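As the structure lists them, so they are numbered: ligands from 1, and atoms in each ligand from 1. Model, not experiment: these values are computed from the prediction.
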Amino acid sequence: MSNPQRSAKQTATQADMASHIARIDALCQAARILPVIKIEREADILPLADALAAGGLRTLEITLRSDLGLKAIAQLRKQRPELCVGAGTVLDEHMLAESVAAGAEFIVTPGCTQALLEAGLSSPVPLLPGVSSASEIMLGYSLGYRRFKLFPAELAGGVAALKAFRGPFGNVRFCPTGGLNPNNVQQYIQQPNVMCVGGSWMLNDAWIRNGDWQRITQVSSEALQLLA
Ligand code: 3PG
C-alpha cells in the first residue's frame, strides 16, 4: 500500500537534490578551479581573497582547518559579495550547520559519513561530499548525490580512477582535489566526468606569510590559462 506522507517527503528530497546538483554544476562551471584556502591570520582574509579574485579565481573554498575559517566566510560574504564563498573540511553535521550560519554558499567535505550525507539533503546550500572509492560513491549515490569531490585525487588513482569510474557511474561528475598542480591539471580537466578541479598550489604558505599577493594572482591566472 502506498504511503502518501513518505512519497511526499521523497519527492521533496528529489527536488532538493536536483536543485543542489544544478547549483553545484553552475558554481563549478563558473569556477573551473576551486582554491582550497586555510586562513592563518585574520589580516590575510581580504588581501588573499582579492589576490585570487584578481587572478580570476572568484569561487573560494575556505577550510575550517583553522579557527578563522568561519570568520573568514562571514567576512567575505559581507565585504566581498561578488565572490562565491563555500566552506571546506566540513567533517560533521555540526560543522555543516555552523558553515551555513556563517553564510557559506556551498559545503565541501574530504570524505563522507551517512550522517553528513543525510544532513546535506536538508541543507539550504549544496553539499559536495568527498569520496575516494566506488563504495563511497555508491553510498552517496543511494541518497541521491551525483556530484563529488574526489579526494585525495592523486592518491586515489588520479586520472586513471576517473576514467574507471565513468563505466559504472556514467552520470556522476567530480571535482578532483589533492595533489593537483600545473603539471597535471590539464589532464584532469580534460576528463569528461570532471566538472572543475580543486587545489592549493596557488596558495604557497610562504607567499601568504610574506604578503606576496601578486605572486598568488599570477599563479592563479596562469592556472586558469592552462585550462583555457
Ligand atoms: C584539500 O583538502 O582539498 C586538499 O588539501 C587540497 O589538496 P592540495 O593541497 O594537494 O592541492
Taking 4.0 angstrom as the limit, do Glu82 and Arg58 come out as a salt bridge? no
If you compare all heavy atoms of Ala49 against all heavy atoms of Leu76, which two are closest, and at what distance to 0.1 Å? CB-CD2, 3.5 Å
What atoms of ligand 1 come within less than 4.0 Å of a heavy atom belonging to Thr177? 1 (C), 3 (O), 6 (C)
Output all residues satisfying side chain to side chain donor-acceptor pair (under 3.5 Å) with Gln114, sequence neighbours left out; order by chain, then residue number. Glu118
Can you tell me if Gly198 contacts ligand 1 (heavy atom of the residue under 4.0 Å from the ligand)? no
Under-4.0 Å heavy-atom contact with ligand 1, by part of Lys149 that carries it: side chain
Could you tell me whether some N/O pair between Arg65 and ligand 1 is separated by less than 3.5 angstrom? yes
Examine Trp201 against ligand 1 and note whether any of their N/O atoms are separated by less than 3.5 Å. no
Salt bridge Asp205-Lys38, side-chain N to carboxylate O under 4.0 Å: no
So which protein heavy atom does atom 10 (O) of ligand 1 come closest to, and at what separation? Gly179 N, 2.8 Å
Over all heavy atoms of both residues, which pair between Met195 and Leu128 is shortest? Give the atoms and the distance, please. CE-CD1, 3.6 Å
Using a 3.5 Å cut-off on N or O atoms only, is Ser200 in polar contact with ligand 1? yes
Provide, to 0.1 Å, the distance between atom 4 (C) of ligand 1 and the closest protein heavy atom, together with that atom's residue and name. Phe151 CE1, 3.6 Å
What protein heavy atom sits nearest atom 7 (O) of ligand 1, and how far away is it? Gly178 CA, 3.3 Å
Any N or O of Gly199 that comes nearer than 3.5 Å to an N or O of ligand 1? no
Over-ring placement of Arg173 relative to Phe148, 6.0 Å and 45° cut-offs: no
Charged N to carboxylate O under 4.0 angstrom, Arg77 versus Glu105? yes
